[in-house]
Amino acid sequence: MDLWNLPTLELAKRLLGMELIHTNQQGTTSGIIVETEAYLGPEDRAAHSFGNRRTPRTEVMFHEAGTIYTYFIYGMHVCFNIVSGPIDKPEAILIRAIQPVNGIEIMKDRRGNIKKEVQLTNGPGKLSKSMGFSLEHSGLKMNECGICLKEKVAVPPQEIEAGPRIGIQYAEEAIHFPYRFWIKNNPYVSR
DNA sequence: AAGAAGATTAAA
DNA sequence: TTAATCTTCTTG
């Protein structure tokens with residue numbers, strides 16, 4: 001897929017409007033990606049891979065584009081990323097929010113008592129739980145483990161907004177980099 | 001070997 | 001505002 005040859009910032013924008021699909025024994029869940037964040041490897045203080053830091057966890061970021069990178073954070077949550085950039089260039093895109101399309105009942109089942117549909121997937125930890133993503137997916141590749149992407153809605157450039165990323169106050173000069181992208185006026189973006 | 005902090009969330 | 005509580009990095 002030549003999608004994976006795009007520069008990470010371009011890919012982060014291209015992913016908006018695409019449908020992310022996960023099928024396992026419980027069934028199929030899917031949603032439109034409405035919010036992403038780019039993490040640009042060695043030069044990006046906010047990235048896990050800043051300075052080419054290489055550990056069992058970040059190892060996956062050095063793999064080829066299209067590899068799935070999931071990690072555990074705050075002791076309770078899974079975040080779902082797609083590795084981008086060339087091999088040995090540890091860049092990745094964090095999926096922050098999606099808009100549920102299929103398998104909404106399965107999502108509610110996984111999340112427990114959720115009243116509003118929008119609450120299912122409007123944050124990185126939430127969408128991971130709703131979609132059934134776990135640490136076991138880290139290092140696997142898209143299309144090879146029941147997870148895939150599909151072209152869905154074309155999002156024109158004027159419908160895309162950019163701004164600073166969330167939750168990286170420690171990142172000094174990188175705090176203000178406008179590497180977060182979302183679809184304008186979409187109710188399913190986080191916060 | 002032990003402690004601190006983090007790409008978060010839900011509940012008070 | 002805070003608790004929940006896991007992985008990795010830092011320091012001793």
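Fair warning: this is a prediction, and the values are worked out from it, not measured in the lab. Convention: sequence-line order gives letters A, B, ...; per-chain numbering from 1.
A:Leu40 and A:Leu6 fall within the same hydrophobic cluster, defined by Ile, Leu, Val, Met, Phe, Trp and Tyr side-chain heavy atoms under 4.5 Å apart, directly or through other members. A:Ile87 is not connected to A:Val60 by any chain of hydrophobic side-chain contacts under 4.5 Å among Ile, Leu, Val, Met, Phe, Trp and Tyr, and they are in different clusters. A single hydrophobic cluster is not seen to contain both A:Val34 and A:Ile21; linkage of ILVMFWY side chains at heavy-atom distances under 4.5 Å, directly or through other members, places them apart.
When rounded to the nearest whole Å, the span between CD1 of A:Ile175 and P of B:dG6 equals 11 Å. Summarising the geometry, the separation between CD1 on A:Ile168 and C1' on B:dG6 is reported as 12 Å, rounded to the nearest angstrom. We find that CD of A:Glu59 is positioned 12 Å from P of C:dT8, with the value rounded to whole Å. When the P atom of C:dT5 is taken as reference, atom OH of A:Tyr71 falls 19 Å away, rounded to whole Å. The distance between atom CZ of A:Arg45 and atom P of B:dA5, rounded to the nearest whole Å, is 17 Å. Atom-to-atom, CG of A:Leu94 to C1' of B:dG6 comes out at 13 Å; the value is rounded to the nearest Å. Remark: P of C:dT8 and CE of A:Met61 are 14 Å apart, rounded to the nearest angstrom. To the nearest angstrom, P of B:dA5 lies 12 Å from OH of A:Tyr74.
A 6.0 Å sphere centred on CD of A:Glu136 holds no more than 12 heavy atoms belonging to other residues, nucleotides or ligands.
Using the Watson-Crick or G-U wobble rule with both distances under 3.5 Å, C:dT5 pairs with nothing in any strand shown.
In this structure, of B:dT9, B:dG6, C:dC9, it is B:dG6 that holds the atom nearest to the side chain of A:Ile73. Nearest to the side-chain atoms of A:His77 among the listed nucleotides B:dA10, C:dT8, B:dT9 stands B:dT9. When distances run from any side-chain atom of A:Arg57 to the nucleotides C:dT8, B:dT8, C:dC6, the shortest one goes to C:dT8. Here the nucleotide nearest the side chain of A:Lys126, chosen from C:dT7, C:dA4, B:dT9, is B:dT9.
The shortest distance between the side-chain N/O atoms of A:Arg111 and the OP1/OP2 oxygens of B:dT9 is not below 4.0 Å. Side-chain N/O atoms of A:Arg53 include one lying less than 4.0 angstrom from OP1 or OP2 on C:dC9.
Both A:Leu135 and A:Met76 lie near DNA chain C, and the one whose nearest nucleotide falls closer to the 5' end is A:Met76.
In this structure, A:Arg165 forms no cation-pi arrangement with A:Phe177, as its terminal cationic atom is not both closer than 6.0 Å to the ring centre and no more than 45° off the ring axis.
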